Amino acid sequence: MTARLTQEGPYRFRIEPTGEMRVPGVVFASRELLIEADQAVDQVANVATLPGVVEASYAMPDIHWGYGFAIGGVAATDPRQGGVVSPGGVGFDISCGVRLMAADIDDAGLRPVLQDVMNGLDPAVPRGMGRGAVWRLSGRQDMMGILTGGSRYAVERGHGDERDLLRCEDAGAVADADPGQVSDRAIERGSGQVGSLGSGNHFLELQRVAEVYDTAVAEVFGLRPDQICVMIHSGSRGLGHQICTDHVRAMEKSMARYGIRVPDRQLACAPLESPEGRSYLGAMAAAANYGRANRQLLAHAARQVFEKVAGARLDLVYDVSHNLAKMEEHPVDGERRLLCVHRKGATRALPPGHADLPDDLRDVGQPVLIPGTMSTSSYVLAGVPDGPAFYSTCHGAGRAKSRHQAARGVSGRELKARMERGGIAVRGASWRGLAEEAADAYKDVSAVIEAAEGAGLGRKIARLVPVGVVKG
DNA sequence: ATGTAC
């Protein structure tokens, strides 16, 4: 399927429904950001063919090609119209997301002890392919607690403070998790990885607040100029990956039985109201809780290093997933409907006044955490009223070069030396992994943010720059 | 993203 885009706003393009498409496609981006997104735009059109899809198949400004759905894709389905859930619309790294903590020291206070803090974090933050973990599970009971209780269970077991949970999406745990739908193999893969970064673009960074665009909202979030922050990007490791694999396979087998045909095999799906659909949703929610517990443990490990080495406290700003499907109420055709909103490489961005926000954030909107690259800015946005795309925005810079291309351009050793000359401390897991994550392998995150803000998907609150990178 | 294939 070749999709044709027509511009209908400064940062809004439309794909007219043709063929099997049930709704239009809508891509929020600038012309420049779309130049190399052809395959991903085809995927936006493919998603528009899914049974029960409502309103439009959306894409965020950092859109790029992914498994079935584009990364940066958002699509909602209605169970009352035979709507489906598709694991490809969540991604292999279920509940991958970002956590931001703010320190009670500023850049000048950190500099004298920066290397000591980095040397403390280096052994305290397990990372790299297949490696784990902060928490050695004592048995099946701990795993069940994590799968149903997420960050809440981690805090109950002493890995954090009760007040952390107020600043977690879903107060730290997704409801409706069904550990019974998680395979033994997934549990086995996940049991030695609770509290580990993983590899690829996952990281723990020390960052400095370089610019504040809205002082009042930043203050509510807990951010001020020159302050040191810790940002964590990680997900559900081998457990989420195995759950995705298991349920894609089951759905591939059941699709014919439900009379579902999709233009791409990777769009395997099942009706929300079917045993296969419900089974995936229960397992996915369990993986989401694992991902949140994982970030809670990493945060707590960083907190202990900061306290011991720098005498500094870390307060949670927010924790939000950018790979998840959630049942949410949204107005469609003037009627409030319960929809399954798939966000894959897209961040939920609740507007001011939303009932699901904690009391202290309700007047200002949800903090939206957008990591850039190891050498460029990250952003904190806030959700805005009337956000299109079911209150969603972008999730990062978006890859521009393949991993192979990136590693050909620079060696890991060269890149680390270059970053350290620029004042950024680096603790990697592998030289190859470092080279693959070079900033020039990504699009310009500032252009992505400009498009997101221009399209009305969120608004800028603060810009952060890297000071130290602990890389998976 | 991922014990980079079962």
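What's counted below: heavy atoms across the whole structure, side chains too, no hydrogens, waters or symmetry copies. Only a predicted model underlies this, so the values are computations on that prediction, with no experimental measurement involved. Note on naming: letters A, B, ... go to the chains in the order of the sequence lines (proteins, then strands), and numbering restarts at 1 for each one.
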Q.
Can you measure A:D93 atom CG to B:dT4 atom C1' for me and round it to whole angstrom units?
A. 15 Å

(Q) Under 4.0 Å, counting only non-hydrogen atoms across every strand here, what does A:R399 touch: a base, just sugar-phosphate, or nothing? (A) nothing

**Q.** Nucleic acid contacts of residues 241-254 of chain A, taken as heavy-atom distances under 4.0 Å to DNA chain B
**A.** A:H241, A:R249

(Q) So, does A:R237 get its side chain near the phosphate of B:dG3, meaning an N or O under 4.0 Å from OP1 or OP2? (A) yes

Q: Nearest whole angstrom, please: distance from the C1' of B:dT2 to the CZ of A:R432.
A: 16 Å

**Q.** Atom pair distance, as rounded to whole Å: CZ in A:R189 and P in B:dC6
**A.** 9 Å

Q: Would you mind classifying the nucleic acid contact of A:G91 as base, sugar-phosphate or nothing, using non-hydrogen atoms under 4.0 angstrom?
A: nothing

Q) With no hydrogens and no angle check, do the side chains of A:N289 and A:R152 hold a donor and an acceptor under 3.5 Å apart? A) no

Q: For A:G235, report the nucleic acid contact type (base, sugar-phosphate, nothing); a contact means any heavy atom under 4.0 Å.
A: nothing

Q. What is the distance, rounded to the nearest whole Å, between atom CG of A:N323 and atom P of B:dT2?
A. 11 Å

Q | Side-chain donor-acceptor pair present, A:H395, A:N323, cut-off under 3.5 Å | A | no

Q. Going by distance alone, is a donor N or O of one side chain under 3.5 Å from an acceptor N or O of the other, for A:Q296 and A:R99?
A. yes

**Q.** Length of the CZ-C1' vector between A:F92 and B:dT2, whole Å
**A.** 8 Å

Q | Sugar-phosphate only, base, or nothing, as touched by A:Q193 at under 4.0 Å among non-hydrogen atoms | A | sugar-phosphate

Q. Is A:E437 salt-bridged to A:R399, cutoff N-O under 4.0 Å?
A. yes

Q.
Show me the pairs that pass side-chain hydrogen bond (donor to acceptor under 3.5 Å, both in side chains) and involve residues 261-272 of chain A, at least two apart or across chains.
A. A:E252-A:R265

Q | Those residues that, when tested against A:V54, pass side chain to side chain contact (heavy atoms under 4.5 Å, CB included) (two or more places apart) | A | A:A76, A:D78, A:Q81, A:V332, A:R337, A:L339, A:F390

